[in-house]
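Just follow the structure's listing: the first ligand is 1, and inside any ligand the first atom is 1.
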Amino acid sequence: MKKPFVTLDKIKEIAKEYPTPFHIYDEKGIRENARGLFEAFSWNAGFKEYFAVKATPNPALIRILKEEGCGVDCSSYTELMMAERLGFRGDEIMFSSNETPAEEYIYARKLGAIINLDDITHIDFLEKTAGIPEKICLRYNPGGEFTINNMIMGTPADAKYGLTRPQMFEAVRTLMSKGVKEFGVHAFLASNNIENDYYPVLARVLFELIADITAETGAKFVFVNLSGGIGVPYRPEQKKTDIKVIGEGVRKAYDEILASRGIAPKIFTELGRYMLAPYGGLITKVVHFKHTYKEYAGCDACAAHLMRPAIYGAYHHITVLGKEDAPCDHIYDVVGSLCENSDKFAVDRKLPELEIGDYLFIHEAGAHGHSMGYNYNGKLRSAEILLKPDGSYKLIRRAETPDDYFATLDIYPEFRRK
Ligand SMILES: *Cc1c(COP(=O)(O)O)cnc(C)c1O
């Protein structure tokens, strides 16, 4: 059974100050989970997690992760700006971008970020725009299908990312001739993997690749970036991945493939979902019922606050706060207020009998939740609140106001902020 990290009483207290809907995050859970990750990879000197900023770009949350030893993985100009303002510099920033504009490379170089090239043609582009650094990373795409135990987990051949195997060898040679002294390799082949095998299988692919490239070119690989992709159990019947088992699986591949060859790269990760999804919830209140061909429970949040169900049909578990132990003997579609029929947090969901004013806790909203929010239908993005380990809470992003919505219309006098 999934349990929210916050009680009804606490939410009632918070809602007096900050009306629903809002996202709430659990500092204690975030810190414990981050420590578990670092512990699982402590066998590798220099292991580092570069939190994927796009998952949850909130300064307070990223500062917590920074205190736990994380760097940041950025993929756009504004994400780099956020990294700079939060005090990240140089090797603490990974820049994993694609279709990258020149100004992003220039800015990434200014910050001393590690640049992860997504394509071989970007070597010339980077040289002309920002110059080639001495350390660089290449994103690999093995093509074909990516399988684990004969199960197809992803189809890299259809993915827009990364260099082919022959391009990897050619790019390394070209970059060496242009003065690169240290290389890293990166790949992201399947998303939201809740099996423990993803990283170990991916690590094997990358370790064998760098062993081959090193043998042929003499290039020095100083890190292997396993990127994001460790999943979280969105459904109650799914099991949490075991990060210790994952860390040990990568270690085994490392020892088998690299130790005998005298190659000893650092292991990097760029997890987003795994770091924060379970430690964030969307809090919304039931405001209407509708009885037509189905039973609808309308709430004050909508897909603008959490769009995964609307765009992926993704399952997000819902707990009715205060009714944690009540029988789930009613069936509802839990819906938001967008003029879009996909705006449903849950379809045919078994829940306890709902009443107007009930607070719903929508689970696993801590990553790819608020950050994917949008302003369709003139909806305003919600506040974000941090629940501290001592039970107190803090506003870490205010809710948008109509002035924010109209901000880009300030070219018209009647829309200027009054
Ligand atoms: C999205 C992304 C991540 C994070 O992915 P998760 O599924 O949140 O772990 C990491 N690296 C890159 C390059 C990404 O695009």
Side-chain angles (χ1 to χ4, degrees), residues 25 30 33-34 36-37 40-41 48-58 61-62 65 70-80 82-83 88 92-100 104-105 108 113-119 122 136-141 146 153-154 156 158-163 184-199 202-203 206 223-234 238 240-241 243 246-247 250 267-280 306-308 311-312 314 316 364-372:
Y25 302 90
I30 293 170
N33 183 62
L37 171 70
F41 284 91
K48 199 170 178 75
E49 149 71 6
Y50 291 83
F51 173 66
V53 171
K54 72 162 194 252
T56 321
N58 185 291
L61 301 176
I62 295 176
L65 292 172
C70 299
V72 278
D73 164 39
C74 300
S75 55
S76 67
Y77 199 88
T78 45
E79 287 181 2
L80 286 170
M82 179 164 289
F88 292 93
E92 296 167 340
I93 308 171
M94 188 70 60
F95 183 58
S96 288
S97 157
N98 63 93
E99 310 314 331
T100 313
E104 292 185 5
Y105 278 138
I114 303 174
I115 291 175
N116 182 19
L117 287 183
D118 183 63
D119 189 55
H122 283 226
I136 203 158
C137 184
L138 293 169
R139 184 164 184 169
Y140 177 49
N141 183 330
F146 178 70
M153 307 302 292
D158 290 336
K160 66 174 180 170
Y161 309 106
L163 290 78
V185 66
H186 168 282
F188 190 163
L189 303 184
S191 186
N192 192 30
N193 298 279
I194 53 164
E195 309 297 329
N196 292 327
D197 297 343
Y198 172 66
Y199 265 5
L202 173 66
L206 294 179
F223 68 85
V224 171
N225 185 344
L226 299 173
S227 192
I230 297 186
V232 297
Y234 285 98
Q238 289 172 330
K240 189 178 179 335
T241 53
I243 200 68
I246 294 173
V250 175
I267 300 296
F268 293 163
T269 56
E270 288 175 350
L271 296 163
R273 194 186 314 272
Y274 178 79
M275 301 308 288
L276 289 189
Y279 314 107
L306 176 66
M307 86 194 292
R308 298 186 71 260
I311 59 169
Y312 309 130
H316 278 261
E364 272 81 35
H368 311 285
H370 188 282
S371 62
M372 289 174 91

_Would Ser96 count as a polar contact of ligand 1, with the cut-off being nitrogen or oxygen pairs under 3.5 Å?_
no
*Tyr234 ring center near His316 ring center (under 6.0 Å)*: yes
_Pairing donors with acceptors under 3.5 angstrom, does anything connect the side chains of Ser75 and Glu79?_
yes
*For the residue pair Phe223 and Phe268, is the inter-centroid distance of their aromatic rings smaller than 6.0 Å?*
yes
_Quick check: do Leu276 and Leu61 have side-chain heavy atoms less than 4.5 Å from each other?_
yes
*asked:* Out of all atoms in ligand 1, which are within 4.0 Å of some heavy atom of Ser227? Include the element for each.
replied: 10 (C), 11 (N), 12 (C)
*Close N or O approach (Ala52, ligand 1; < 3.5 Å)*: no
*Run the contact test for Phe188 against ligand 1 with a 4.0 Å cut-off on heavy atoms, strictly below, and give the result.*
yes
*With side chains defined as the heavy atoms from C-beta onward, is the minimum distance between Ile114 and Ile93 less than 4.5 Å?*
no
*Which of the atoms of ligand 1 are close to Arg273, meaning less than 4.0 Å from one of its heavy atoms?*
6 (P), 7 (O), 8 (O), 9 (O)
*asked:* At under 4.0 Å between heavy atoms, is it the side chain or the backbone of Met275 that contacts ligand 1, or both, or neither?
replied: neither
*Gly228: numbered ligand 1 atoms lying under 4.0 Å from its heavy atoms*: 5 (O), 9 (O), 10 (C)
_Need the ligand 1 atom indices (1-based, order shown) with element for anything under 4.0 Å from a heavy-atom of His368._
6 (P), 8 (O)
*Please identify which atoms of ligand 1 are closer than 4.0 Å to at least one heavy atom of Arg139.*
13 (C)
_Numbered atoms of ligand 1 (with element) below 4.0 Å of Gly229, judged on heavy atoms_ = 6 (P), 7 (O), 9 (O)
*Between Asn116 and ligand 1, find which residue part has any heavy-atom pair under 4.0 Å and reply side chain, backbone, both or neither.*
neither
*Got a donor-acceptor contact below 3.5 angstrom from the Asn225 side chain to the Val185 backbone?*
no
*Verify the ring-centre separation between Tyr198 and Phe146: is it less than 6.0 angstrom?*
yes
*Decide side-chain contact (heavy atoms from CB on, under 4.5 Å) for Arg273 and Ser191; before the verdict, give the C-alpha distance in whole Å, the side-chain angles of both, and the deciding distance to 0.1 Å.*
CA-CA 9 Å; Arg273 194 186 314 272; Ser191 186; 3.4 Å; yes
_If the cut-off is 4.0 Å to any non-hydrogen atom of Lys54, which atoms of ligand 1 fall inside it?_
1 (C), 2 (C), 3 (C), 14 (C), 15 (O)
*Do ligand 1 and Ala55 have nitrogen or oxygen atoms that lie under 3.5 Å from each other?*
no
_Flag for Glu195-Thr241: side-chain donor and acceptor within less than 3.5 Å_ = no
_For the 3.5 Å polar cut-off, considering only N or O atoms, please tell me whether Glu270 and ligand 1 meet it._
yes
